[in-house]
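Taking it in order: structure first as C-alpha cells, then the write-up.
Along the sequence shown, residues carry numbers from 1.
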Amino acid sequence: MAKKKKKRQVQRQDIFTLSVILAVVTLVLYAQVSVFEFIKLDDPDYVYNNEYVQSGLTVDNAVWAFTLHGPGQWHPLTWLSHQLDCQLFQLDAGMHHLVNAWFHVANTVLLFVVLRKMTGALFPSFLVAALFGWHPLSVESVAWVSERRDVLSTLFWLLTLYAYVGYARTGGWRAYGWIMSLLACGLMSKPMVVTLPCALLLLDGWPLRRWERLAVPGSMLPSRSLGYLVGEKLPLLALSLIASVFTFLIQVEEQAVGTFEGYPVITRLGNAIVSYATYLRKMVWPHDLTFFYPYPDSLDMFQVGVSGLVLMVLSGICVWQLRRRPYLLVGWCWYLGTLVPVIGLVQVGGQAMADRYTYVPLIGIYVALAWGITDFIHWLQPEDRKRRLLVQGWMAAAVLVPCVVMSYPQVSYWKSGFRLNQRALKLSPENAMAHNQIAGDYLTQGQLEKAQHHYSEALRLDAKKIQPYMGMAEIAEQRNDPAKAIRYLRDAQQRNEHAMAEPIIARKLAWLLAASPQDALRNGSEALVLASRCVELTEARDAYCLHTLAVALAENQQFTKAINVASNALSMARESQLDSLEQQLRESIQGYREEKPFRDPRW
C-alpha cells in the first residue's frame, strides 16, 4: 500500500514538473509578442476598427456578438473575449497578443493532462503537448490577434475531451451535460469544432477502447456497441450542424463562399489532396511558412499524383498496423477528419491553405509520432529506468529542439504587418496579397512611390481584387488628383463582392463627389445616394459616414438636415476622442449655418 502511495506521489510530481516545463518554455517562446503591433489583415475588423469591440464589454455589444453577422463566422464567445480585452487594455496591441499567448500556454498544458488522463502514458503525452506548443506551424494561431478564435476554441475542445474521459468512466446525464455545454462553447468560439463529435468516436476506439470489439479485459471503462457509441454522439452532431448552418449563412451573405465556376470541383479536390500532403511536409520541414498561400491558377497534376500516392501509402500503413499500433490509424484519421471543414471542399477566401488550419489537426500526427517513438524505445529494450529516461530525453531533444529554434524567429515575423509582408514576398514574390498588404504599410508611412509599385504588382497578379484599386485611389487623393481617385474607386465598386467593403467604398466615393473643389467632378445626387447607403450599412454608428452624409446633404442645399446629421457625428467624434474629425465637423456646421457647402481643405 505504501509503495502504491509513493508511486502515485512520484507520478503527480512528474506530471507537475513536466507541466511547468511545458508552460515555461511556451511562455518564453511567445513572450516577445508583448511588443507586437496589430496587423492590417483582419485585425481592423476584429478589433481596432470595430466599434462593437473597441468600445468594450457592454450589454449592447454582447447582444451584437450573438447575432448572425460577419466578418467570417459565427463565433460570439470570440467576440466577447475581444470586447473584454478592449475593456481591460483598450487598444494596447501587446496585451491583446499576450492573452492569445496565455491561451496557448493553457492549451499546451491541458493537452498534456488530457492525454495523460486518457492513456496513463507520461512520455508520449508530454511529447505530443510539446510538439503542439512549440512547433512553428502553431505560431500563426497564437501570434495573430484575430486568431483568438483558434486558441479559444481549442481550449474548449480540450476541456470537452477532459469531460468526456470522466463521462466514459462514470456515465450519467450530468457528465454528458458538461460535454454538451463545453462543445457549445467551442462552437461559439470557432465553428471548426464541428468535427469534435467524430473525434470523440475515434477516441472510443483508442485509447479509451470503449468499443466492445477493441475493449481490453479488466479495463475500468465499460465497453459499448458501435451503435451505442454513435447514438450518444447524435446530440453533439446536432449542435455542430446548427453552428455550421449559422456560419454558412453568414459567409453566403458576405459572398465569401467560392462558386463552382471560380473553383471547379476537380480543382478543389486536387488542391485538397496537395494541401493534406503539403501540411505534412511543412510539419517535417517548416522553413517556408507564410501568412497567405495563393490559390493556384491551375493544378500541377504531377504534384497531385505524388501527393495522392503519399496519402494512400500512409493510409495503407496505418490500416496494416491497426491491431498492433491502433494509435497510427486514430492519429491519421484525426488529422484527415479535423481538416475537412477547411481543406477547401467548400472554398472560403482566396487561400489554397493556411498554417492556422493545422492547429488542432496536427495533434493526430503528433500522437502517431510520439507513440511510435515510444514503441521504438521499447524495442531498444533499455535495461533500467535511468537508461530508458536517458533515451527518452535524447529522443525528445532531437524532435523538440529544432522546433524551438525554428519557432522563435517565426514568431518574430508577426511583430508588425510590414515585417510579415516582407517575409512573405521573400518566400513568394508573386504573392498578390503580400503586395497589397505591404503597399498599405508604405502608404501609411507616406512612401507613395513604393506603395504605388506594390499596388501595381498586386494589380498585375490579380486584377479582380479591390484592395489595389482602393490603395491607388488613396495615393491619387494624396497627390491632389481627385479625378483619378474617383476612377479607381469606381473600378473598386464594380469589382466588389464583399459586404464589409461596400460602406467603405461608398463613403470614399461619396466624399469625393460631394466635397471636391472642382465643379466638374462633383455629383451631389449620386453622393447623397452613396452616403445614405453608407450610413444605412453602418447603422448610423460611424461618425465618418455621418460626416460624409452631412457633406452630401449640404451639396444638395439641404442645410438644415446637414446640420442635424453633422451634430450627431460631432457627438460621436467627441465620445470617441476623434479630435481632428471633431474640429472639421465644427467648421462644417458653421458653414452649413451660413448655407455654404463643405469643400475638402486638402485641395
Point to revise | Working for salt bridge (charged side-chain N to carboxylate O under 4.0 Å, His left out), residues R148 and D85 | key: CA-CA 11 Å; R148 172 67 54 79; D85 279 3; 2.6 Å; yes
**Study point:** Stepwise salt bridge (charged side-chain N to carboxylate O under 4.0 Å, His left out) test for D481 and R479
**Key:** CA-CA 6 Å; D481 191 348; R479 287 175 170 169; over 6 Å; no
Review point. Hey, mind stepping through F418 and Y442 against ring-ring contact (aromatic ring centres under 6.0 Å, His included) and telling me if it holds?
Key: CA-CA 8 Å; F418 186 76; Y442 280 125; 5.3 Å; yes
**Study point:** side chain to side chain contact (heavy atoms under 4.5 Å, CB included) between V342 and R356, worked out
**Key:** CA-CA 10 Å; V342 290; R356 61 189 177 275; over 6 Å; no
Exercise for review: Given side chain to side chain contact (heavy atoms under 4.5 Å, CB included), test R495 with K465 step by step and report yes or no.
Suggested key: CA-CA 7 Å; R495 290 166 174 80; K465 300 296 183 184; over 6 Å; no
Practice item. With side chain to side chain contact (heavy atoms under 4.5 Å, CB included) as the test, would you mind laying out the steps for R586 and E582 before giving the verdict? Key: CA-CA 6 Å; R586 292 185 187 279; E582 182 180 349; 2.8 Å; yes
**Study point:** Full working for ring-ring contact (aromatic ring centres under 6.0 Å, His included) between F291 and Y413
**Key:** CA-CA 10 Å; F291 76 96; Y413 294 137; over 10 Å; no
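Under the 3.5 Å distance criterion, with hydrogens and angles disregarded, no donor-acceptor pair is assigned to the side chains of Y469 and R490. Between the side chains of H104 and Y359, at least one donor-acceptor pair of N or O atoms lies under 3.5 Å. A donor-acceptor contact closer than 3.5 angstrom links the side chains of Y52 and R541. Donor-acceptor pairing under 3.5 Å is recorded for the side chains of N523 and S525. Between the side chains of K190 and T154, no donor N or O sits under 3.5 Å from an acceptor N or O. For the residue pair S55 and N61, a side-chain donor N or O sits within less than 3.5 Å of a side-chain acceptor on the partner. Q590 and E594 share a side-chain donor-acceptor pair at under 3.5 Å. With 3.5 Å as the limit, one finds a donor-acceptor pair spanning the side chains of S141 and D150. Side chain to side chain, Y279 and D355 fail the donor-acceptor criterion of an N or O pair below 3.5 Å. Side-chain contact, Q351 with Y357: a donor N or O sits under 3.5 Å from an acceptor N or O.
Note: L512 CG to Q518 CD = 10.5 Å, rounded to the nearest 0.5 Å. Note that CZ of R487 and NZ of K484 are 6.5 Å apart. Values are rounded to the nearest 0.5 Å. To the nearest 0.5 Å, atoms CG (L84) and CZ (F89) are separated by 7.5 Å. From H97, atom NE2 reaches atom NZ of K415 across 11.5 Å, with rounding to the nearest 0.5 Å. N564 CG to K561 NZ: the interatomic distance, rounded to the nearest 0.5 Å, is 10.0 Å. Note: Q558 CD to I563 CD1 = 12.5 Å, rounded to the nearest 0.5 Å.
Using a 4.5 Å heavy-atom cutoff, the side chains of V33 and W414 are not in contact. Proximity of E147 to V142: side-chain heavy atoms (C-beta onward) are nowhere separated by under 4.5 Å. Proximity of V194 to P341: side-chain heavy atoms (C-beta onward) are separated by under 4.5 Å at one or more points. A heavy-atom distance below 4.5 Å is not found between the side chains of H75 and M188. Side-chain atoms of L530 and R507, non-hydrogen and from C-beta on, never get closer than 4.5 Å to each other. Between N436 and F292, every side-chain heavy-atom pair lies at or beyond the 4.5 Å cut-off. With contacts defined as side-chain heavy-atom distances shorter than 4.5 Å, the pair R522/R599 qualifies. The side-chain heavy atoms of R281 and D288, taken from C-beta on, include a pair separated by under 4.5 Å.
Side chain of E37 to main chain of S416: no donor-acceptor pair is present (N/O by atom type, distance under 3.5 Å, no hydrogens or angles). Side-chain atoms of S532 come within 3.5 Å of backbone atoms of L528 as a donor-acceptor pair (strictly under, hydrogens ignored). No side-chain donor-acceptor contact under 3.5 Å links H454 to the backbone of Q437. K40 places a side-chain N or O within donor-acceptor distance of the main-chain N or O of G440, the cut-off being under 3.5 Å. The backbone N or O of S146 lies less than 3.5 Å from a partner atom in the side chain of D43, making a donor-acceptor pair. Distance alone, capped at 3.5 Å, places no donor-acceptor pair between the S428 side chain and the A424 backbone. Put simply, the side chain of H96 never gets that close to the backbone of L91: no donor and acceptor are under 3.5 Å apart. In this structure, the side chain of N50 does not engage the main chain of Y46 through any donor-acceptor pair within 3.5 Å. E140 places no side-chain N or O within 3.5 Å of a backbone atom of L137 that could act as its donor or acceptor partner.
A ring-centre distance under 6.0 Å is not found for F66 and W79. For W144 and F36, the distance between ring centers is not under 6.0 angstrom.
Taking 4.0 Å as the cut-off between side-chain N and carboxylate O, D579 and R574 do not count as a salt-bridged pair. Using a 4.0 Å cut-off between charged side-chain N and carboxylate O, D600 and R602 make a salt bridge. A salt bridge links R460 to E430: one of the charged nitrogens lies within less than 4.0 Å of a carboxylate oxygen.
Scanning all heavy atoms of the two residues, the minimum distance from L513 to I486 falls at CD2-CD1, 4.1 Å.
Evaluation of the side-chain contact (heavy atoms from CB on, under 4.5 Å) rule for E502 yields N496, R533, L537 as partners, not counting sequence neighbours. Partners of E595 according to the side-chain contact (heavy atoms from CB on, under 4.5 Å) rule, which considers only residues two or more places apart in sequence or in another chain, are F559.
Under a cut-off of 6.0 angstrom, the local environment of CG in D297 is sparse, with at most 12 non-hydrogen atoms contributed by other residues, nucleotides or ligands. Within a 6.0 Å radius of CH2 in W102, other residues, nucleotides and ligands contribute 12 heavy atoms or fewer.
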